Amino acid sequence: MHDETRVTTLGRDPHRHHGIVNPPVYHASTILYPTLDALEAPRTPDGYYYGRYGTPTTRALTDAVAALEGAAAGFAVSSGKNAITTVLMGLTQAGDHVLVADNSYQPTRDTAGRVMARFGVEVTFYDPTIGAGITGLMRPNTRLVFVESPGSLTFEVQDVPAIAEAAHAGGALVVMDNTWASPLFCKPFSLGVDVSVQAATKYVGGHSDLMMGLITCTAELEPRIRAAYAEFGGAPGGEDCYLALRGLRTLATRLERHQRSALRVAEWLAGRREVARVFYPALPDDPGHALWRRDFSGASGLFGFLLQPVERPGLAAMLDHLELFGMGYSWGGYESLLIPTNPAPLRTATDWPHEGRMMRIHVGLESPDDLIADLEAGLARLRAAGG
Ligand SMILES: *Cc1c(COP(=O)(O)O)cnc(C)c1O
């Protein structure tokens with residue numbers, strides 16, 4: 001069956017719940033055992049033991065996401081950052097070396113470069129476009145390679161299959177941040193990834209009202225990820241699992257619309273003289289376009305563009321009076337967002353060579369005509385303020 005069908009059917013079984021369409025929300029800390037035998041029996045992955053290890057509500061969500069992404073198992077945690085920390089710390093120990101893409105989400109860099117470094121894990125950031133060249137950075141103690149494709153600030157597409165092949169040849173695991181594409185537009189396990197993490201806060205939630213992280217993995221990694229999940233204790237609450245599951249039902253429909261509108265807005269921006277360059281892999285002249293076409297089945301609504309060099313008053317004139325684009329971190333909700341970003345200081349392995357003001361835009365579910373009109377008025381204010 002197609003993904004757009006599966007998002008409506010996975011993780012629910014109405015006739016186990018009086019015919020009610022959606023699964024109930026379990027709120028649980030204590031879970032009772034009926035007998036001493038039951039209390040002392042060995043635990044199995046599908047049982048329920050204590051609230052932190054999940055309830056049927058958690059399981060409905062994680063089973064659905066694992067199935068969509070093509071994983072053997074899934075785990076829900078209380079934020080995307082928690083998913084990243086759980087996996088990075090759970091799969092490494094003192095003396096290990098890890099490779100992290102230089103375009104990774106800043107809090108990922110922080111987990112690797114600050115937290116793991118304190119625990120004796122060596123971290124090297126690498127050029128995200130390195131591909132099979134990653135072999136040259138592998139050391140005997142390299143245990144993990146982290147990829148984020150496309151990078152959620154600068155949108156380089158990584159050659160994940162080539163990186164995975166090189167990593168595996170050197171005995172390292174590959175972890176991918178799949179937030180941008182969501183489980184619908186990228187299937188990380190078919191690219192050779194061992195563990196996928198994502199901020200369900202973004203597209204899965206879809207309504208800017210949820211913090212949630214998801215981890216999915218291969219059968220081989222399941223025991224280690226399950227152990228890390230238990231050790232780090234980042235379990236989300238039942239209501240949040242319910243919201244994520246509810247977001248999932250419309251994910252295919254929303255993403256299709258995000259993609260269509262984002263492509264229109266990106267093409268419009270590319271034709272503007274105030275815009276030096278657009279960074280969106282779905283555009284045919286984007287450097288990552290060929291890899292994106294090979295490895296992804298769609299593009300979401302988040303991309304970057306570079307304004308010609310602009311003074312702060314011009315930028316403020318543009319941003320302060322937008323009607324539809326909000327200024328705020330995060331993305332993946334139904335509403336549009338626009339913020340200035342500053343990639344250069346976030347890099348250590350590669351230079352950010354572009355002159356001008358980098359912007360990150362999230363194209364929401366509004367009419368693209370209205371969004372373009374809002375941007376057009378904003379660019380007119382920028383020019384009127386003297387560029
Ligand atoms: C937002 C984000 C995260 C972290 O998710 P939170 O739920 O905000 O902790 C991780 N990776 C990427 C690419 C993100 O955009």
Side-chain angles (χ1 to χ4, degrees), residues 61-62 65 69 74-89 100-115 125 128 146-158 160 174-186 188 193 195-216 229 232-237 239-241 243-244 247-248 255 258 262 279-281 288 296 299-304 326-333 335 337-339 341 343 346-347 358-364:
L61 170 65
T62 54
V65 171
E69 226 170 18
F75 301 87
V77 291
S78 56
S79 70
K81 168 81 171 175
N82 186 306
I84 290 161
T85 304
T86 298
V87 170
L88 286 179
M89 307 243 346
V100 177
D102 205 28
N103 61 349
S104 297
Y105 178 62
Q106 187 188 355
T108 301
R109 293 186 66 104
D110 292 345
T111 296
R114 293 187 197 166
V115 185
F125 293 97
F146 192 94
V147 299
E148 180 179 317
S149 183
S152 57
L153 205 58
T154 46
F155 304 95
E156 300 90 341
V157 183
Q158 297 196 252
V160 177
V174 180
V175 178
M176 177 167 175
D177 186 327
N178 195 32
T179 303
W180 182 84
S182 93
L184 298 193
F185 283 167
C186 179
V193 164
V195 182
S196 166
V197 290
Q198 66 183 299
T201 305
K202 311 290 166 53
Y203 282 117
V204 172
H207 295 74
S208 304
D209 53 4
L210 173 69
M211 300 298 303
M212 166 87 54
L214 293 165
I215 306 168
T216 54
Y229 167 76
F232 288 95
E239 298 288 349
D240 285 344
C241 293
L243 281 178
L248 202 62
L255 276 180
H258 282 296
F279 298 76
Y280 189 42
F296 292 76
S300 67
L302 188 80
F303 65 92
M327 265 189 285
Y329 299 103
S330 200
W331 43 277
E335 85 288 11
L337 298 166
L338 181 62
I339 52 168
T341 63
L346 299 179
R347 296 185 166 235
M358 188 68 173
M359 308 291 290
R360 189 175 74 176
I361 185 168
H362 180 248
V363 176

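Just so you know, ligand 1 is whichever comes first in the structure, and atom 1 is the first atom listed for that ligand. This structure is a prediction, so every number in the text was calculated from the model and none was measured. Sequence positions, counted from 1, serve as the residue numbers for this chain.
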Colleague: In terms of the angle between their ring planes, are Trp331 and Tyr203 parallel, tilted or perpendicular, with boundaries placed at 30° and 60°?
Modeller: perpendicular

Colleague: Which of the numbered atoms in ligand 1 are below 4.0 angstrom from a heavy atom of Asp177?
Modeller: 10 (C), 11 (N), 12 (C), 13 (C)

Colleague: Please test Tyr329 against Ile339 for side-chain contact (heavy atoms from CB on, under 4.5 Å), starting from the C-alpha separation and ending with a verdict.
Modeller: CA-CA 8 Å; Tyr329 299 103; Ile339 52 168; 3.9 Å; yes

Colleague: If we ignore angles and hydrogens, is there a donor and acceptor under 3.5 Å between the side chains of Glu148 and Thr108?
Modeller: no

Colleague: Whether the side chain of His258 engages the backbone of Val363 through a donor-acceptor N/O pair (distance < 3.5 Å, no angle test) should be reported.
Modeller: yes

Colleague: What is the distance from atom CZ of Phe185 to atom CG of Asn178, rounded to the nearest 0.5 Å?
Modeller: 11.5 Å

Colleague: For ligand 1, indicate whether the residue Ser152 contacts it via side chain, backbone, both or neither (heavy-atom separation under 4.0 Å).
Modeller: side chain

Colleague: Show, in sequence, the C-alpha distance, side-chain angles and deciding distance for Leu346 and Leu153, and conclude whether the side-chain contact (heavy atoms from CB on, under 4.5 Å) test is met.
Modeller: CA-CA 10 Å; Leu346 299 179; Leu153 205 58; 3.4 Å; yes

Colleague: Quick check on contacts: which atoms of ligand 1 are under 4.0 angstrom from a heavy atom of Ser79?
Modeller: 7 (O), 9 (O)

Colleague: Could you state the interatomic distance from CZ (Phe303) to OH (Tyr280), rounded to the nearest 0.5 Å?
Modeller: 7.0 Å

Colleague: Return the residue, atom name and 0.1 Å-rounded distance of the protein heavy atom closest to atom 3 (C) of ligand 1.
Modeller: Tyr105 CE2, 3.2 Å

Colleague: Of all the atoms in ligand 1, which lie at a distance below 4.0 Å from a heavy atom belonging to Glu148?
Modeller: 13 (C)

Colleague: Is Lys202 close to ligand 1, meaning an N/O of one under 3.5 Å from an N/O of the other?
Modeller: yes

Colleague: Assess the side chains of Ser152 and Trp180: does a donor N or O sit below 3.5 Å from an acceptor N or O?
Modeller: no

Colleague: Run the numbers for me: atoms of ligand 1, each under 4.0 Å from some heavy atom of Thr201, listed by number.
Modeller: 6 (P), 7 (O)

Colleague: Based purely on interatomic distance, does Gly80 place a nitrogen or oxygen under 3.5 Å from a nitrogen or oxygen of ligand 1?
Modeller: yes

Colleague: When only distance counts, is Lys81 in polar contact with ligand 1, meaning an N/O pair under 3.5 Å?
Modeller: yes

Colleague: With heavy atoms of Met211 as the reference, note each atom of ligand 1 found under 4.0 Å away.
Modeller: 6 (P), 7 (O), 8 (O)

Colleague: List ligand 1 atoms under 4.0 Å from Trp331, heavy atoms only on the residue side.
Modeller: 15 (O)

Colleague: So, taking the atom named CG in Asp177 and the one named CG in Asn103, what distance separates them when rounded to the nearest 0.5 Å?
Modeller: 10.0 Å

Colleague: If you count the atoms of ligand 1 from 1 in the order shown, which ones are under 4.0 Å from a heavy atom of Ala199?
Modeller: 1 (C), 2 (C), 3 (C), 4 (C), 5 (O), 7 (O)

Colleague: So, does Ile84 sit close enough to ligand 1 that a heavy atom of it is under 4.0 Å from the ligand?
Modeller: yes

